[in-house]
Amino acid sequence: MSETKTDNTQIALVTGASRGIGKAIATALAETGRFVYLNFNSSREKAETVLKEIISNGGKGALLQFDVTNREESETAIQKIISKKGKIDILINNAGIRDDMLMVRMKKENWQSVIDTNLTGFFNVTRLAVKNMLSKRFGRIINVSSTSGQTGQAGQVNYSASKAGLIGATKALAREIAKRNITVNAVAPGFIETEMIDGLPVEEIKKTIPAGRFGTPSEVAATILFLCSKEAGYITGQVIGINGGIL
Ligand code: NAP
């Protein structure tokens with residue numbers, strides 16, 4: 001019998017699942033019975049550890065290495081999922097980088113790498129997945145944006161632009177495919193405790209957050225889990241802030 005092509009298990013793909021927020025999302029999706037493809041780019045060992053933890057807790061999943069900035073690699077990966085499982089029910093576009101500096105010092109490559117990963121990565125991964133969701137008349141797409149994309153952040157012209165672009169893409173795509181029972185939403189985390197915030201002045205930043213603390217990856221994952229649910233079927237084109245009241 002060909003693997004799980006005919007059963008009802010939902011198939012999910014989480015980009016950037018080797019650590020941080022992506023790891024928490026993948027773990028939460030697996031804990032709720034989904035088969036989860038964990039994408040990573042360079043952190044193979046970390047991704048393997050996440051998958052091992054998922055499997056030892058009774059979950060199901062597989063690793064899928066590709067670079068979201070590479071269109072061919074990304075589309076090949078989506079095709080691989082579809083040929084193995086027949087569908088993608090849930091797509092979480094989480095992979096992201098930052099490369100902060102004042103714009104006057106920014107070189108073209110600092111701009112381009114952030115746009116390529118955070119925004120073009122969304123296009124590279126999502127297009128074929130949407131095609132499949134349209135044919136199945138079901139889908140949940142959640143894009144991980146940022147407070148920085150909502151307010152603009154000094155020192156993050158590249159990052160804010162990429163995350164604001166992701167919000168625009170979320171809203172436009174939501175309108176294109178809402179009739180087919182596919183929702184597209186964004187979450188906009190504030191400061192979340194992951195490697196991405198290494199090097200930031202933690203105590204100073206905490207004073208600016210009404211909740212007085214950073215958020216956790218599992219708090220982001222919990223919101224995403226709800227957006228993936230059947231009950232969230234009427235929520236589309238929205239941006240949900242997870243930011244301790246900062247905005
Ligand atoms: P993180 O700990 O630095 O993890 C980033 C993840 O993205 C890693 O799994 C990394 O995989 C993956 N990645 C980076 N470039 C990739 C590429 N080209 N192809 C495939 N995967 C790639 O960051 P995080 O804090 O968990 O952030 C996750 C998302 O949340 C990002 O989109 C980020 O912008 C957003 N966010 C974070 C915060 C925060 O405070 N932490 C706030 C707002 C929004 P490899 O290591 O394998 O390359």
Side-chain angles (χ1 to χ4, degrees), residues 13-28 36-51 63-78 91-100 112-126 142-153 155-156 158-167 169-170 186-202 205-206 208-209 211 213-221 223-224 239-244 246-247:
L13 167 63
V14 182
T15 67
S18 56
R19 52 201 161 91
I21 294 171
K23 172 185 172 178
I25 299 166
T27 303
V36 185
Y37 281 96
L38 294 95
N39 158 255
F40 65 97
N41 184 27
S42 52
S43 306
R44 176 172 291 277
E45 267 181 41
K46 286 185 179 172
E48 279 171 355
T49 305
V50 180
L51 180 61
L63 298 182
L64 199 54
Q65 193 274 330
F66 62 91
D67 178 348
V68 299
T69 69
N70 184 315
R71 183 158 176 222
E72 208 182 313
E73 271 184 33
S74 302
E75 295 210 328
T76 302
I78 299 297
L91 169 59
I92 316 293
N93 287 301
N94 164 78
I97 58 167
R98 69 179 178 93
D99 189 7
D100 301 351
Q112 202 62 52
S113 59
V114 172
I115 298 291
D116 286 351
T117 309
N118 298 0
L119 184 56
T120 310
F122 153 82
F123 175 78
N124 292 342
V125 176
T126 307
I142 291 109
N143 299 318
V144 182
S145 179
S146 167
T147 309
S148 177
Q150 296 175 295
T151 62
Q153 182 69 38
Q156 292 197 318
N158 49 359
Y159 185 83
S160 295
S162 71
K163 294 297 188 180
L166 201 50
I167 289 173
T170 300
V187 294
F191 291 96
I192 308 298
E193 282 166 357
T194 72
E195 286 174 34
M196 186 171 270
I197 59 160
D198 282 354
L200 295 183
V202 173
I205 292 171
K206 274 186 190 167
T208 69
I209 304 172
R213 66 172 178 89
F214 285 11
T216 64
S218 60
E219 286 174 318
V220 179
T223 304
I224 290 179
V239 184
I240 317 281
I242 308 161
N243 57 32
I246 207 167
L247 173 67

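Counting from 1, the numbers follow the sequence of the chain as shown. Order of appearance sets the numbers: ligands from 1, and atoms from 1 within every ligand. None of these values were measured; they are calculated from a predicted model.
Judged by distance alone, the side chain of Glu73 and the main-chain N or O of Asp67 form a donor-acceptor pair under 3.5 Å. Side chain of Asn39 to main chain of Gly16: a donor-acceptor pair is present (N/O by atom type, distance under 3.5 Å, no hydrogens or angles). The main-chain N or O of Ala188 is never found under 3.5 Å from a side-chain atom of Ser146 such that the two would form a donor-acceptor pair. Between the side chain of Asn158 and the backbone N or O of Asp99, at least one donor-acceptor pair lies under 3.5 Å. Looking at Lys46, its side chain never comes within 3.5 Å of a backbone N or O of Ala17 through a donor-acceptor pair.
Nearest-heavy-atom check against atom 42 (C) of ligand 1 across Ser146, Ala47, Gly190, Gly215 picks out Gly190. When the options Val50, Asn39, Leu38 are ranked by their closest heavy atom to atom 20 (C) of ligand 1, first place goes to Asn39. For atom 5 (C) of ligand 1, the choice among Gly96, Gly16, Gly20, Ser148 with the nearest heavy atom turns out to be Gly96. Taking only non-hydrogen atoms, the option from Ser42, Ala26, Ser43 nearest to atom 46 (O) of ligand 1 is Ser43.
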Verdict with reasoning, Ser74 to Asn124, per side chain to side chain donor-acceptor pair (under 3.5 Å): CA-CA 6 Å; Ser74 302; Asn124 292 342; 4.7 Å; no
Intermediate values then yes/no, side chain to side chain donor-acceptor pair (under 3.5 Å), Asn143 and Ser145: CA-CA 6 Å; Asn143 299 318; Ser145 179; over 6 Å; no
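Annotation: atom 22 (C) of ligand 1 to nearest protein heavy atom, Ala95 CB, 3.6 Å. Atom 18 (N) of ligand 1 has its closest protein heavy atom at Asp67 OD1, 2.8 Å. Looking only at heavy atoms of the protein, atom 23 (O) of ligand 1 is closest to Met196 CB, 3.6 Å. Among all protein heavy atoms, the one lying closest to atom 43 (C) of ligand 1 is Pro189 O, 3.3 Å. In terms of protein heavy-atom proximity, atom 2 (O) of ligand 1 is closest to Arg19 NH1, 3.4 Å. Protein heavy atom in closest approach to atom 40 (O) of ligand 1: Ile192 N, 2.8 Å. Of the protein's non-hydrogen atoms, Ser18 OG, 3.6 Å is the one closest to atom 8 (C) of ligand 1. Counting only heavy atoms of the protein, atom 26 (O) of ligand 1 lies nearest to Ile21 N, 2.8 Å.
Among all heavy-atom pairs drawn from Asp198 and Arg98, the shortest one is O-NH2, 3.2 Å. Residue Ala186 comes nearest to Thr170 through the heavy atom pair N-CG2, 3.6 Å, listed as atom of the first residue, atom of the second, then distance. Contact between Ser148 and Gln153 at its shortest, heavy atoms only, is OG-CB, 3.4 Å. Contact record, Leu166 with Leu119: N-CD1, 3.6 Å, taken as the closest heavy-atom pair.
Taking distance alone, with nitrogen or oxygen atoms compared against 3.5 Å, Val68 approaches ligand 1 more closely than that limit. Close N/O approach between Tyr159 and ligand 1 is found [any backbone or side-chain N/O within under 3.5 Å].
Residue-level proximity to ligand 1 for Ala188 is absent, since no heavy atom of it falls below 4.0 angstrom. For Asn94, heavy-atom contacts with ligand 1 shorter than 4.0 Å involve the backbone as well as the side chain. At a 4.0 Å heavy-atom cut-off, ligand 1 does not touch Lys46 at all. Residue contacts with ligand 1 for Ile97 involve side-chain atoms from C-beta outward but no N, CA, C or O (heavy atoms, distance under 4.0 Å).
Side chains of Ile25 and Val36 form no contact here, defined as non-hydrogen atoms less than 4.5 Å apart.
Set against the non-hydrogen atoms of Phe66, the atoms of ligand 1 under 4.0 Å away are 19 (N), 20 (C). Under a 4.0 Å criterion applied to the non-hydrogen atoms of Phe40, ligand 1 contributes the atoms 47 (O). Under a 4.0 Å criterion applied to the non-hydrogen atoms of Thr117, ligand 1 contributes the atoms 15 (N). Residue contact check: Phe191 has heavy atoms under 4.0 Å from atoms 40 (O) of ligand 1.
The closest approach between any non-hydrogen atom of Phe214 and ligand 1 is not below 4.0 Å. Ligand 1 has Ser145 within reach: a non-hydrogen atom of the residue lies less than 4.0 Å from it.
For residues 15-27, the set of pairs meeting the side chain to side chain donor-acceptor pair (under 3.5 Å) definition, not counting sequence neighbours, comprises Arg19-Glu195.
The OG1 atom of Thr69 sits 7.0 Å away from the CG atom of Asn41 when rounded to the nearest 0.5 Å.
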